[in-house]
Amino acid sequence: MRAVELIGAAVYDSDGVPVGAVRDLFFEAVGGQVPDSGRPAYRLRALECGAVGLAHRLGYGHRSITGPWPLTVLMQRLVQNSLIVGWEQIAALGTGRVDLAVRRDQLRWAQQEEL
C-alpha cells in the first residue's frame with residue numbers, strides 16, 4: 001500500500017465507530033540504507049486522524065511555533081481535535097479504510113504526543 005492511499009482513508013475503532021479520516025502520516029528512519037537508492041529506510045510509526053491535519057503539518061502539534069495570535073489560537077484548537085494511532089493499534093488496512101484493534105477512548109490526543 002502506498003502512503004497516498006492512506007491519506008483520507010476512513011478510520012474505525014474496534015467497535016466499528018468512526019474515528020475520523022487519516023490526515024497525516026508519521027515516519028521514522030530505521031537504520032540502514034535501501035540497497036537500490038542509498039537513502040535511509042523509513043517505517044510508518046503513526047497516523048493522525050481527525051477532521052483537519054493542517055495544524056500538525058505546519059508544526060503546531062509538536063513544536064513551539066508562534067505566529068500572529070489568531071493563527072496560533074486557531075491551529076492549537078485544530079490540534080486538540082486530532083487523535084494519534086500508533087502502528088501497533090492498527091488491525092487491518094484496506095482500500096479507503098483503516099480498522100483499529102482498540103477503541104477510540106484508548107487513542108492519544110495529538111497534543112499529548114511527542115512526534
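For this chain, numbers begin at 1 and follow the sequence in order. Reckoned from all heavy atoms, side chains included, excluding hydrogens, waters and symmetry mates.
Summarising the geometry, atom CZ belonging to R108 is positioned 10.0 Å from atom CG belonging to L83; distances are rounded to the nearest 0.5 Å.
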Acceptor/donor pairs from residues 87-96 side chains to any protein atom, 3.5 angstrom cut, sequence neighbours excluded:
{"from": "Q89", "atom 1": "OE1", "to": "G86", "atom 2": "N", "distance (Å)": "2.8"}

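Listed by first and then second residue, the side-chain hydrogen bond (donor to acceptor under 3.5 Å, both in side chains) pairs involving residues 25-42 are E28-R43 (not counting sequence neighbours). Here side-chain hydrogen bond (donor to acceptor under 3.5 Å, both in side chains) pairs that include residues 6-21, with residues two or more places apart or in two chains, number zero.
Under the 4.5 Å side-chain heavy-atom criterion for Ile, Leu, Val, Met, Phe, Trp and Tyr, V98 and I7 are members of the same hydrophobic cluster.
The shortest non-hydrogen separation linking L107 to V102 is CD2-CG2, 3.8 Å. Summarising the geometry of E48 relative to S82, their closest heavy-atom pair is OE2-OG, 2.8 Å, with the distance given to 0.1 Å.
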Run the side chain to side chain contact (heavy atoms under 4.5 Å, CB included) test on I84 and L47 for me, step by step, so that the C-alpha distance in whole Å, both residues' side-chain angles and the decisive distance to 0.1 Å come before the verdict.
CA-CA 6 Å; I84 300 297; L47 309 173; over 6 Å; no
